[in-house]
Amino acid sequence: MTHENRYRAYTLSNYKEIPQIKNLSSQDIEAIEVVGRVLPFKANNYVVEQLIDWNNIPNDPIFTLTFPRKEMLSTAHYEQVLNMLDRDPSDPIYKEAIDTIRRDLNPNPAGQEHNVPTLEGFRLDGMQHKYRETVLFFPSQGQTCHAYCTFCFRWPQFTGMNDLKFASREADLLHRYLLEHKEVTDVLFTGGDPLTATANILSAYIEPLLTEEFAHIRTIRIGSKALSYWPYRFLTDRDADNLIELFTKVRKAGKNLAFQAHFNHPAELSTDVVKQAIDRIKSTGAQIRTQSPLLNKINNHPDIWVDMWQKQVDLGCIPYYMFIARDTGSKVFFEVPLDQAWELFRNAYSRVSGVCRTVRGPSMSAFPGKVIVTGVAKVKDEKVFILEFLQCRNPDLVGIPFFAKYDADATWLDQLEPAFDEKEFFYEKDNLLGDNSDDRNLWE
Ligand SMILES: *Cc1c(COP(=O)(O)O)cnc(C)c1O
Ligand code: SF4
């Protein structure tokens, strides 16, 4: 291996070894030290050497995605941590203060509990089954990431174990559940990043699904950030060949291998390495679909999306989703109001050809389902948002337009009110979403 493709991680404990860090201003370093105590971060040599433009710090989008910045905490929180920097991290007062700030930032998305399936009375914690056709599976070996995106709050679950025995026990539960659920056509492996697990571990989950028993499973989906943050995963990592071989096996068994790649910015699509990795994945017959949240300071301009979708299609990828950023973590830093998100989406969508218009959005993954803002309109003097479910707990409700009062500042579904003086949205009536649907605090 050469120096470039040997993985090297940088976190709060060693980021000062990055040569370019020396050129940062003392304010930027302070921000990393302070915010980094609350929001863990992780970068690697590929991100540092090939994606970040170090002449544009702190505003470079990839720097902002991977390194903490001052504005990610409120001034009060920032000052509080700054004043405690000298304390020993094991000091209980320090720990309690950090935990309190974290709790403030992360209104625990407890709604996830509603999607955890059961088998013979046991909760299957590594799974979510929210939409009829698709089961999400979180291999416990994939609960870490190649980088921790600063907008993401999955880090509490990042543990990174790689134990084959444990994997086969988990795999067994997944397989038994799927045998009892013939309505499921897709299994989506997600995380963290499932591709931080070895190809061996992934095979333990995936290969059994290629047998006759699982004829109802048509598509194996893998959601991963590895293409953008560590494309060597598919080229030169120790088990890159085994991973590619696994993808080929899925295709040979007559199933789709749908790779859901997270790209947040065109910079991630511009290196030679990512292009080679995309080619290699596609050479197995896998399809690559792309998704990204719309993030202020990262990709909040229609030109960026036009560029991103066009580059993706040039490279043979299929634009799939534009998401609204979740209401967790440093949301205030990254959030874009729904109205602006729709304007931006429409602007970008109208400027690309039909081959890019496979993309859907802007979409909120909210408690009742994935809801897109399809437009803003005036109906009989009332300005409204037109909304629609792309996915819903109750599949019968998909694709039915519904209306909310226009609100220029709203950033999430739970801030919207039904239009036309209705008391509730159509899906809130008659228990259409099933049990627990009246708990409006659980928007996940
Ligand atoms: C997004 C999502 C899926 C997959 O939805 P598709 O529209 O099929 O890509 C499945 N389960 C959950 C919980 C999701 O949020
Ligand atoms: S789960 Fe996705 S968004 Fe979160 S840190 Fe990992 S790659 Fe980033």
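Order of listing sets the numbers, starting from 1, for every ligand and every atom in it. All residue numbers in this chain count up from 1 along the given sequence.
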(Q) Between K225 and D193, does the salt bridge (charged side-chain N to carboxylate O under 4.0 Å, His left out) criterion hold? Intermediate values first, please. (A) CA-CA 7 Å; K225 185 84 195 158; D193 196 321; over 6 Å; no
Q.
On a heavy-atom basis, which atom in D60 and which in I57 lie closest, and how many Å separate them?
A.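 Looking at all heavy atoms of both residues, the closest pair is CB-CD1, 4.3 Å.
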Could you see which bit of [X] sits under 4.0 Å from ligand 1, with heavy atoms only: side chain, backbone, both or neither?
{"X": "Q260", "answer": "neither"}
{"X": "Q128", "answer": "side chain"}
{"X": "R221", "answer": "side chain"}

Q) Is there a heavy atom in L136 that sits closer than 4.0 Å to ligand 1? A)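 In this structure, L136 qualifies as a contact of ligand 1 - some heavy atom is under 4.0 Å.
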Q.
Can a side-chain donor-acceptor contact be found between Y177 and H129 if the only test is distance below 3.5 angstrom?
A.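 Side chains of H129 and Y177: pair found under 3.5 Å.
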Closest protein heavy atom to [atom], given as residue, atom name and distance to 0.1 Å:
{"atom": "atom 12 (C) of ligand 1", "answer": "Y131 CE1, 3.5 Å"}
{"atom": "atom 7 (O) of ligand 1", "answer": "Y321 OH, 2.5 Å"}
{"atom": "atom 3 (C) of ligand 1", "answer": "K370 NZ, 3.4 Å"}

Q. Does the side chain to side chain donor-acceptor pair (under 3.5 Å) test come out yes or no for Q312 and Y320, once each step is laid out?
A. CA-CA 11 Å; Q312 287 164 359; Y320 190 64; over 6 Å; no
Q | Numbering as shown, the atoms of ligand 1 that approach Y320 to under 4.0 Å (heavy-atom distance) | A |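 Every atom of ligand 1 under 4.0 Å from some heavy atom of Y320: 6 (P), 7 (O), 8 (O), 9 (O).
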Q | Enumerated ligand 1 atoms positioned under 4.0 Å from heavy atoms of Q391 | A |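 Counting from 1, the qualifying ligand atoms are 5 (O), 6 (P), 7 (O), 8 (O).
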Q. Do the numbers put K297 on top of the ring of F333, so that NZ or CZ is under 6.0 Å from the six-membered ring centre and no more than 45° off the axis?
A.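 Flagged: K297 positioned over aromatic ring of F333.
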(Q) Only heavy atoms of K225, strictly under 4.0 Å: list the atoms of ligand 2 that pass. (A)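 Result: 7 (S).
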Q) Which distance, rounded to the nearest 0.5 Å, do you find between the CG of D279 and the OG1 of T284? A)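 It is 11.5 Å, given to the nearest 0.5 Å.
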Q) Can W230 and D237 be said to form a side chain to side chain donor-acceptor pair (under 3.5 Å), step by step? A) CA-CA 10 Å; W230 190 250; D237 271 11; 3.1 Å; yes
